[in-house]
Amino acid sequence: MTDPFELQDLDSAPPPARPAAYLDTPNASQREAGETVDGPVLVLAGAGTGKTRALTTRLAHILLQNRAHPGEILAVTFTNKAAREMQERVGSMLGVPVEGWWVGTFHALAARILRRHAEGVGLKPNFAILDTDDQVRLLKQILDAREIDPKRFPPRTFSAVIQRWKDRALAPDQIPQAEAIDALDGHAMAVYIDYQDQLQRLNAADFGDLLMLCVRLFQLQPETLKAYQRRFRYILVDEYQDTNVAQYLWLRLLAQGHRNLCCVGDDDQSIYSWRGAEVGNILRFEEDFPGARVVRLERNYRSTPHILGAASGLIARNQGRLGKTLWTDLDEGERVRVHGVWDSIEEARWVGDEIEARQARGERLSTIAILVRTSAQTREFEERLITLGLPYQVIGGLRFYERQEIRDAVAYLRVIHSSDDDLAFQRIANVPKRGLGQATLQTIHLHARARGVPMIRAIRELLGTDEFKPKAKKTLTDLLDDFERWRVEAQDHAPAEICDIVLEESGYTEMWRTDKSLEAPGRVENLRELVVGLSEFETLTSFLEHVSLVMDNEDLKTTDKITVMTLHGAKGLEFDTVFLPGWEEGLFPHQRSLDESGTQGLEEERRLAYVGITRAKKRANITFAANRRVYGQWQSSLPSRFIDELPSDHVEREGEPGLARGGFADEASAFDHVSGPGYGAGWKRAQQSRQSRPDDRVFARAGAGADGLDVGQRVFHQKFGYGKIRALDGDKLEIDFEKAGRKKVMASFVEVA
DNA sequence: TGAGCGTAGTTTTTT
DNA sequence: ACTACGCTCA
């Protein structure tokens, strides 16, 4: 088998429908990226150029040429979704699932290594991995002990500073002097020291520690490092532009010997610097790894020339990029539309109408996305889409294991798994309510601190005294008995059974069953789902690892719905039609980004705009509004400078005559942001036309919908849930919602319950 | 323990 | 405008 690519045999095992381009054999660049397996390689993969194709090609090449066994390959991603996809794609390319290779996220892989050598960094192998709640709870305690005013210095701020330090793999003793003094008036440094001490005492690591401690481990134990260097003969990294310093160091250490490191990424899609990602890592690759081969993937299989042209023209404004020239041989297609509107309400209406029109032409809603800059923007679109009766899904928000009930349930399991897990214990000590108030917990905490023992142990010691009131004593005795019993039962029951037993016997599920709030039934449902999910796991240990590192967002539902999400969330996805609302100065580019990071911030916002446009396969629609509500206040706004920066040949300006006028930098009549809008007349016209042409749909429905509505009537509203009508005023209703409280809504938004 | 009130913050998000 | 939180008081 000289040519591995002939083995694709896609006919006999057709994968699920994918863009045709991916079914082709690799193009020359993809092939070069795939076959250059020795030495460092940087694959610069522009948007939509088939980087996954190149990556899987490479893996197949290595395996089929017997250059390495699966167990000698390390493949690193940022998200679990990406890891899964890689696993699947390689499997389907080779026709058999690949087993035994290390594929996963930076954090999961680092944790796996760290567990094996935990003692090397002062942890025990069963160390707990903290979630953000745990971190904040711990930090609160530290601030308390240090008498730092949590009003002036909120725990979250410390969390952020410490995380950024860990992103740079800086342990407390490695913080540069200047930062140690400056950060949060010097408090950050002191808190960081305490925080790390506490983590060690608790036998716990946070997400940042996984990488930082792993790097530390490699530095302290050269033999351990060597063993992994020998083991992983080929290393692949996805989304390299998103790596932080700790991840970079980790990779560099692992690749040091053979240097068979292949990093795939796109500097133009680096949008995560605010959480520690260093574009510098990708920009510096050739210096970091001398002799590195750089392969550019520039043929785009996704978007039409107009879309690519608009995106390319925009991103070309950025300094300090490696530079790529994307091209495609798809048909010209439609220009990028830029549409100006009076306000954000009209914007939502316009987008909704456009989508309705597309749907009427038989286009599926799942091929359409609304990509916003901030999650707050989703609300107006949601309301509009509900009014129009168009199904949609908002992506983002809480993930499964971040939900309160899941975290609580997991906390129970953590305590059973390790009775030393104080943070987990504190979380559920009084959930459901057992009458263990602050005073009792404080007593326990103080004793535990003083004696240097875990809280459960402290309780045991205190139960022999009269420290607790009789009632608390009884409750605590019972609770400890419960945990003891569950721990014993965990020996010979599957994790799913234990979970079920615990949730029932502790009264936790019951707590939600009797809760009459709107979301309670969903929580009970989630708990059931957790138990079902648990059934795949043999041990509590493996489940807990899974739940803290691997469990992620449900995938996009396959049902036919419009997708509403942030631009950040959209990276890596594609849609036929994309709506990009809110292209206004201050919102996009976001003011805060400009204020805090200046030119760098602006360039990252521009990359975000680039990511947004390049999500579109066929149609990109940019909108901007002259008025928008910001923190509850109506404010007028100017079109985004990014609109000016779009090359005019690829753009079609439209809207009310004069609305989107004057916009392009490569035309003589450059838009002037400083001297004020030259489109006032246009806005007025837009406003008039809006007023004289009210939305007939709403009024038609309101007329019909108000029938059968009266004070006291119970109704249902898609967003607010159930409620009772309090007052009627034409088509306006005042409703007391059971969950959401008193709201004024249009009759068209509710239905009789 | 829970309701009621005032204050502050409100970009992006994975693991 | 809205919310989430921490505080006070019953």
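To find a chain, count down the sequence lines: A is the first, B the second, and so on, and within it residues start at 1. Predicted model, so just to flag it, every value in this text is computed and none were measured.
Contacts between residues 429-439 of chain A and DNA chain B, counted as heavy-atom distances below 4.0 Å, involve A:Asn430, A:Lys433, A:Gly435. Across residues 101-108 of chain A, A:Thr105, A:His107 each have a non-hydrogen atom less than 4.0 Å from an atom of DNA chain B (numbered order).
Nucleotides B:dT13 and C:dC2 have their P atoms positioned 22 Å apart, rounded to a whole Å.
Residue A:Asn80 has no polar side-chain atom (N or O) positioned under 4.0 Å from OP1 or OP2 of B:dT14.
Remark: A:Arg321 engages A:Asp268 in a salt bridge (Lys or Arg N to Asp or Glu O under 4.0 Å) (not counting sequence neighbours). Checked against salt bridge (Lys or Arg N to Asp or Glu O under 4.0 Å), A:Glu536 has no partners two or more places apart in sequence or in another chain.
Applying the salt bridge (charged side-chain N to carboxylate O under 4.0 Å, His left out) definition to pairs two or more places apart or across chains, those involving residues 132-142 of chain A are A:Asp133-A:Arg407, A:Asp133-A:Arg427, A:Asp134-A:Arg137, A:Asp134-A:Arg414.
Taking the ring axis of A:Phe127 as reference, the NZ or CZ atom of A:Arg115 stays within 45° of it and closer than 6.0 Å to the ring centre. Both tests do not hold together for A:Arg628 against A:Trp634: distance to the six-membered ring centre under 6.0 Å, angle to the ring axis within 45°.
Side-chain atoms of A:Gln163 and A:Arg275, non-hydrogen and from C-beta on, never get closer than 4.5 Å to each other. For the pair A:Lys474/A:Lys469, no side-chain contact is recorded, criterion being any heavy-atom separation below 4.5 Å from C-beta on.
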Give each protein N/O atom lying under 3.5 Å from an N/O atom of nucleotides 11-13 of chain B, with the pair distance.
from	atom 1	to	atom 2	distance (Å)
B:dT11	OP1	A:Arg592	NH1	2.0
B:dT11	OP2	A:Tyr631	OH	2.8
B:dT11	O4'	A:His590	NE2	3.3
B:dT11	O2	A:Arg373	NH1	3.3
B:dT11	O2	A:Arg373	NH2	2.2
B:dT11	O4	A:Glu596	OE1	3.3
B:dT12	OP1	A:Ser375	N	2.7
B:dT12	OP1	A:Ser375	OG	2.3
B:dT12	O4'	A:Arg373	NH1	3.2
B:dT12	O2	A:Trp274	NE1	3.2
B:dT12	O2	A:Arg373	NH2	3.4
B:dT13	OP1	A:Thr566	OG1	2.5
B:dT13	O4'	A:Arg275	NH1	3.3

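Note on A:Glu402: a base of the nucleic acid sits closer than 4.0 angstrom, heavy atoms only.
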